[in-house]
Number of protein chains: 2
Amino acid sequence: MNIGEIARRAGVSRSTVSYALSGKRAVSAATRRRILQVIDDVGYRPNASARALAEGRTRAVGLVIPPAGRRLTPIQLGFVADVVAAAGRRELDVLLSPSGGEHDRSFERMVRGRRVDGVILMEVRLRDARAARLRESGVPFVAIGHTADAATGYWVDLDYHGLVASCVRHLADLGHREIALINRPRELLDSGYGPARRALDGFNAAAAARSLSATASCCPDEATAGETCMEDLLAARPGLTGLVTVNEAALPGIERALRRLGRAIPRQISVTGVVGRHWAEEFHPPLTAADVPITDMAERAVDLLAERMAEPGTPPRHVLLSQPISLRSSTAPPP
Amino acid sequence: MNIGEIARRAGVSRSTVSYALSGKRAVSAATRRRILQVIDDVGYRPNASARALAEGRTRAVGLVIPPAGRRLTPIQLGFVADVVAAAGRRELDVLLSPSGGEHDRSFERMVRGRRVDGVILMEVRLRDARAARLRESGVPFVAIGHTADAATGYWVDLDYHGLVASCVRHLADLGHREIALINRPRELLDSGYGPARRALDGFNAAAAARSLSATASCCPDEATAGETCMEDLLAARPGLTGLVTVNEAALPGIERALRRLGRAIPRQISVTGVVGRHWAEEFHPPLTAADVPITDMAERAVDLLAERMAEPGTPPRHVLLSQPISLRSSTAPPP
DNA sequence: GCCTGCTGTCGAATCGATTCGAGGCATCGC
DNA sequence: GCGATGCCTCGAATCGATTCGACAGCAGGC
């Protein structure tokens, strides 16, 4: 069932069918009605490949996700679903491509095979090979997180520096003097993963500004690791009364360790940070934290990409999202 | 940069370039070398839309995920990543489509617009509108879970009935007499979601066979709900010594409730079930459970789909996976 | 009554690949 | 020396849409 068959049944030419559907030229009401009737009867839809070939665009975008090896965190996974939903609202389909090692072929197929009109790149590093390839191939893309040359690209990012700093100030205002940061895994920090870097910088800067005694540590994205990390931290710094974390996956372990060591939250130790809302609410007691606005980020990323696809020549733009701290009940003045 | 340009530069016709790449007809070694050299120099890749139009297939598959509204469980999310990886190994791209309500358009675009050669349908219900539409449109598809007419379709499923039954028998063998099941949310059970139904059936059948006193309850996919559910269960059945669950998201809450009520695992209460491996390992103590083999399921689903796409006429086939119970340390004889 | 302008429709070119039939050119056998 | 046989390569048709130029028919202005 193709456009020719529709044209035949409606007694018009193929071009008239096309115009009736797209509205790019006037078609008389009677003809239009007849065509739509036939289309409805047989359940016709234009072939996506043929249309893409003729139009020179595919009406699809690529979403490059982090390597499958490292398990995706719930935040990242929620983000994928939100991107798909936001793209759907603009009649765009989403092609998934894992990145890294053996999956380069998939990336190549997508980009050089012109399978997509644009790409959203998740978890970008400060210097990022995929971003460089996209830039050189001329495919419009939006990065989640920014690369070293922040000024030249399109990106959406969360202001981890500012958010972690306000967590620190929140603790300082309550009277805490000795605090710690539980960051994302060390290999992410070392490979120049922006959020981890900026969380650390924001933590150190704000702690220095308030002359707090501050310790920063890294922790794998797992509950068991969070438990160990929390124990080590308390062993090294028994006087600790305030904790900031950007590692949501570690939260259950942190909670477990504190309970086991008999440190009540928030009576004896306050906990805050930047994590997905779901995780903050499942913490015990509910975590006072800046909730990562993934739905927002997904929507802004798709908006930005759509804009860039529509007008390829436009100058770089970016969105740096912030988010107020939601006061729940995991922070209090120190004992 | 298209095939014509490559042909021009290599001094051959377009068809020769095509044959050199596909190997469908012999091309002399010298010509072939010359063509590949040019292709390598300019970084050419065939345009995916043009190829799809000519070949009549897109080399892409669709993955229909559960509605974004209901949060995806970690198992489902891991499954998405695994499907993408498995498809990538077969040079297939993956298009994501949310299902339900407002996202019908996306489904329609994919299926009727011939954007994909086949579809994997997640979280299928016993009677499922999406499966019916795929069947009528003639697009090959593989369901995760099976529909009411199990014999007529392609599907991959986990033997929840058998697995939950062996959990029950495991508890019975240890000497437990009073056990309970914590199932997935009630609305899933009521809407005919297979795993929830079969878990319940398997639980009841095995408990009856061993004449155990058994209670089954449903629980939303959330930690806080798990906590409440566990409390209610113990209030109603103080003599409970064995627990089976297929709700991984509830696990942290179950753990919390048992700890708070002073019931040690496994000394006073044994816990087992069917959950993602990651969750079993993060439980405290590590959960003796049948690990959901998502990577396996993803691979089998892609295999089955590829097979069906290659030979559309083949008779229905399905794979019912089982999985041995991994003995960890959350079960013991009753006190 | 003729020219102008507008509306609605058509035919043909185009997008970039694959694939089929046909034919050129050696090589080989007799 | 001539026809048959393979091996390579080419030209043209095809896939199913979009889009542009052309044109028929009709209304309105002078």
Side-chain angles (χ1 to χ4, degrees), chain A residues 1-36 38-39 42-60 91 93 108-117 137, chain B residues 1-36 38-39 42-60 91 93 108-117 137:
Chain A
M1 186 53 56
N2 57 26
I3 199 175
E5 181 62 17
I6 301 294
R8 205 183 56 71
R9 297 200 191 191
V12 297
S13 76
R14 302 185 322 183
S15 47
T16 302
V17 175
S18 179
Y19 288 127
L21 277 174
S22 70
K24 292 186 184 173
R25 277 199 193 174
V27 169
S28 75
T31 309
R32 179 193 189 75
R33 208 169 23 242
R34 206 165 65 242
I35 292 173
L36 293 181
V38 172
I39 286 178
V42 304
Y44 162 80
R45 284 212 130 218
N47 178 302
S49 305
R51 169 188 283 220
L53 179 57
E55 286 191 321
R57 62 176 178 145
T58 60
R59 297 165 186 262
E91 307 265 286
D93 286 321
E108 287 293 310
R109 273 201 307 275
M110 219 173 60
V111 175
R112 295 237 297 262
R114 314 258 132 196
R115 223 174 199 174
V116 296
D117 298 331
S137 74
Chain B
M1 186 53 55
N2 58 28
I3 199 174
E5 181 61 18
I6 301 295
R8 204 183 56 71
R9 297 200 191 193
V12 297
S13 77
R14 302 185 321 180
S15 47
T16 303
V17 175
S18 179
Y19 287 128
L21 278 174
S22 70
K24 292 187 182 170
R25 279 201 192 171
V27 169
S28 75
T31 309
R32 179 194 189 71
R33 208 167 24 241
R34 207 167 63 243
I35 292 173
L36 292 182
V38 172
I39 286 179
V42 304
Y44 162 81
R45 285 211 129 219
N47 178 302
S49 306
R51 170 190 284 222
L53 179 58
E55 286 191 322
R57 62 174 177 148
T58 60
R59 299 166 184 261
E91 306 266 287
D93 287 320
E108 287 293 309
R109 273 200 307 274
M110 219 173 60
V111 174
R112 294 235 299 261
R114 312 259 132 192
R115 216 162 213 190
V116 297
D117 299 332
S137 75

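In what follows, chains are A, B, ... by sequence order, proteins preceding strands, each numbered from 1. Predicted model only: the values in this text are computed from it and were never measured. Atoms considered below: every heavy atom in the structure, side chains included; atoms not considered: hydrogens, waters and symmetry mates.
- The backbone N or O of B:Gly43 sits less than 3.5 Å from a side-chain atom of A:Arg112, completing a donor-acceptor pair.
- Near DNA chain C, meaning a heavy atom under 4.0 Å away, the residues from residues 22-29 of chain B are B:Lys24, B:Arg25.
- A side-chain donor-acceptor contact under 3.5 Å links B:Arg34 to the backbone of B:Ala10.
- The line from CD of B:Glu108 to OG of B:Ser137 is 8.5 Å long, rounded to the nearest 0.5 Å.
- A:Val27 and A:Thr16 make their closest contact through CG2-O, 4.2 Å (heavy atoms, listed as atom of the first residue, atom of the second, distance).
- Summarising the geometry, the separation between CD on B:Glu5 and C1' on C:dC15 is reported as 16 Å, rounded to the nearest angstrom.
- Within the structure, no pair that satisfies the salt bridge (charged side-chain N to carboxylate O under 4.0 Å, His left out) test touches residues 12-33 of chain A, not counting sequence neighbours.
- With rounding to whole Å, B:Arg34 atom CZ is found 14 Å from D:dC8 atom P.
- Residues from residues 47-59 of chain A placing a heavy atom under 4.0 Å of any atom in DNA chain C, listed by number, are A:Leu53, A:Ala54.
- Of all heavy-atom pairs between B:Asp93 and A:Arg115, the closest is OD2-NH1, 2.5 Å.
- How far CD1 of B:Ile39 is from CG of B:Leu21: 4.0 Å, rounded to the nearest 0.5 Å.
- Between B:Arg59 and B:Glu91, none of the side-chain N atoms (NZ, or NE/NH1/NH2) sits under 4.0 Å from a carboxylate O, so this pair counts as no salt bridge.
- By the side-chain contact (heavy atoms from CB on, under 4.5 Å) test, A:Ser15 pairs with A:Ser13, A:Tyr19, sequence neighbours left out.
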Test side chain to side chain contact (heavy atoms under 4.5 Å, CB included) applied to A:Glu5 and A:Val42, step by step: CA-CA 10 Å; A:Glu5 181 62 17; A:Val42 304; over 6 Å; no

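- Of all the heavy atoms in A:Ile6 and A:Tyr44, the pair that sits closest is CD1-CB, 3.6 Å.
- Of all heavy-atom pairs spanning B:Val116 and B:Thr58, the tightest one is CA-OG1, 3.4 Å.
- Rounding to whole angstrom units, CD1 of residue A:Ile3 and P of D:dC15 are separated by 15 Å.
- Taking atom CG on B:Asn2 and atom C1' on C:dT18, their separation rounds to 14 Å, with Å as the unit.
- The closest side-chain heavy-atom distance from A:Val17 to A:Val38 is not below 4.5 Å.
- Listed by residue number, the members of residues 6-21 of chain B with any heavy atom below 4.0 angstrom from DNA chain C are B:Arg14, B:Ser15, B:Ser18, B:Tyr19.
- At its two ends the helix from C:dG1-D:dC30 to C:dC30-D:dG1 runs along axes set 60° apart, each axis drawn from five pairs and the angle rounded to 10°.
- For the pair B:Arg32 CZ and D:dC7 C1', the interatomic distance rounds to 15 Å; values are reported in whole Å.
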